[in-house]
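For reference, the structure discussed in these notes is given below.
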Amino acid sequence: MIGFLIGLFVGGIFGVIVMALMNAASRADKSMREHDIEMDEDAMYTPDTLA
């Protein structure tokens, strides 16, 4: 029973964090569309950029 409650608590916190990240990404996408900002693929991080 305790394990279930702990899992419920941890799962709820994880769900809130994921939803907050998705909300932030959605707002960033909307802002980029409103200001006609385009991301170049070269601007994205890749392991090759450090080499």
Side-chain angles (χ1 to χ4, degrees):
M1 184 71 180
I2 292 293
F4 174 74
L5 293 175
I6 291 172
L8 194 63
F9 183 70
V10 171
I13 291 173
F14 182 73
V16 168
I17 291 170
V18 169
M19 287 182 60
L21 290 172
M22 292 174 70
N23 190 13
S26 174
R27 288 179 185 214
D29 286 344
K30 183 179 178 184
S31 176
M32 288 175 67
R33 277 195 306 268
E34 288 176 354
H35 298 291
D36 292 329
I37 298 172
E38 301 234 353
M39 286 291 292
D40 294 333
E41 289 184 21
D42 295 336
M44 301 298 287
Y45 167 77
T46 59
D48 296 334
T49 58
L50 296 177

_ILVMFWY cluster membership beyond V10 - transitive side-chain contacts under 4.5 angstrom_ = I2, I6
*Who else is in the cluster with L8 when I, L, V, M, F, W and Y are joined by side-chain contacts under 4.5 Å?*
F4, L5
*Who pairs with R33 by side chain to side chain contact (heavy atoms under 4.5 Å, CB included), at least two apart in sequence or on another chain?*
D29, K30
*asked:* I'd like to check the side chain to side chain contact (heavy atoms under 4.5 Å, CB included) partners of I17; sequence neighbours left out, ordered by chain and number.
replied: I13, L21
_Under 4.5 Å side-chain linkage, directly or through intermediates, the cluster mates of F14_ = V18, M22
